[in-house]
Amino acid sequence: MKEKELRRSQAVLPIGTVMKLTNLSARQIRYYEEQGLVIPERNEGNRRMYSLNDIDKLLEIKDFLADGINMAGIKRIYEEQAQKEAQKQAQRSKPLTDEDVRRILRDEFINVSGLSKNDGFSFRNNRNL
DNA sequence: ATTCTGACA
DNA sequence: TGTCAGAA
């Protein structure tokens with residue numbers, strides 16, 4: 001499931017093809033780049049090369065614009081998404097909190113004692129275990 | 001032939 | 001955003 005992502009991010013399309021696929025003018029496509037949205041790769045000859053993901057991004061921008069959202073608004077949308085993703089990344093690399101440790105220890109104890117997660121009280125009343 | 005950057009009659 | 005110029 002990762003080979004597919006690689007292909008989608010492969011920049012192999014020249015701006016001419018992108019124009020036909022998105023029905024956007026070269027002027028618009030380059031302008032969106034100036035605004036920091038959809039930054040294509042450059043080949044040996046400084047020509048812009050786009051990936052399928054770039055195409056999707058451009059079509060998405062096109063829809064936002066059609067819905068009356070301006071450049072500033074679109075930038076905000078992507079900035080917010082970037083921030084949320086960044087927080088998820090940070091959460092992944094965070095060490096276990098005290099709460100996490102307590103939960104893990106409790107679950108482990110339940111396993112060793114042979115109790116199920118919902119009969120915590122029966123333990124106290126069941127001396128012969 | 002295609003694309004790039006810069007500029008605006 | 002369109003369009004034209006001069007270069008790659």
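Each chain gets a letter, A, B and so on, in the order the sequences are listed, and its residues count up from 1.
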Below 4.0 Å: OP1/OP2 of B:dC4 and any side-chain N or O of A:Arg30: yes
Would you indicate whether the side-chain heavy atoms of A:Met71 and A:Leu65 approach each other to under 4.5 Å? yes
Verify, without hydrogens or angle tests, whether A:Asp54 (side chain) and A:Val38 (backbone) share a donor-acceptor contact under 3.5 angstrom. no
Is it the case that the side chain of A:Asn70 and the backbone of A:Ala72 share a donor-acceptor pair, with hydrogens and angles ignored and the cut-off at 3.5 Å? yes
Tell me, please, whether A:Tyr78 has A:Lys57 positioned over its six-membered ring: NZ or CZ under 6.0 Å from the ring centre and within 45 degrees of its axis? yes
Output row for DNA chain C, stems defined as at least 3 consecutive Watson-Crick or G-U pairs under 3.5 Å, is B:2-8 with C:2-8
When the distance from CD of A:Glu34 to P of B:dT5 is rounded to whole Å, what number comes out? 9 Å
Spacing of A:Met49 atom CE relative to B:dC4 atom C1', expressed in whole Å: 14 Å
Solution key, residues 17-26 of chain A side-chain donor-acceptor pairs under 3.5 Å, sequence neighbours excluded:
from, atom 1, to, atom 2, distance (Å)
A:Thr22, OG1, A:Val18, O, 2.7
A:Thr22, OG1, A:Leu24, N, 3.3
A:Ser25, OG, A:Gln28, N, 3.1
A:Ser25, OG, A:Gln28, OE1, 3.3

Short N/O separations, protein against nucleotides 1-8 of chain C, under 3.5 angstrom:
from, atom 1, to, atom 2, distance (Å)
C:dT1, OP2, A:Gln28, NE2, 2.3
C:dT1, OP2, A:Tyr32, OH, 2.9
C:dT1, O5', A:Gln28, NE2, 3.1
C:dT1, O4, A:Arg27, NH2, 3.1
C:dG2, OP2, A:Ser25, OG, 2.7
C:dG2, N7, A:Arg27, NE, 2.9
C:dG2, O6, A:Arg27, NE, 3.3
C:dG2, O6, A:Arg27, NH2, 2.8
C:dT3, O4, A:Arg27, NE, 3.2

Is a salt bridge present between A:Arg102 and A:Glu99, judged by a nitrogen-to-oxygen distance below 4.0 Å? yes
CZ (A:Arg7) with more than 12 external heavy atoms under 6.0 Å: no
Quick one: pull up OG in A:Ser113 and CD in A:Glu108 and give me the separation to the nearest 0.5 Å. 10.0 Å
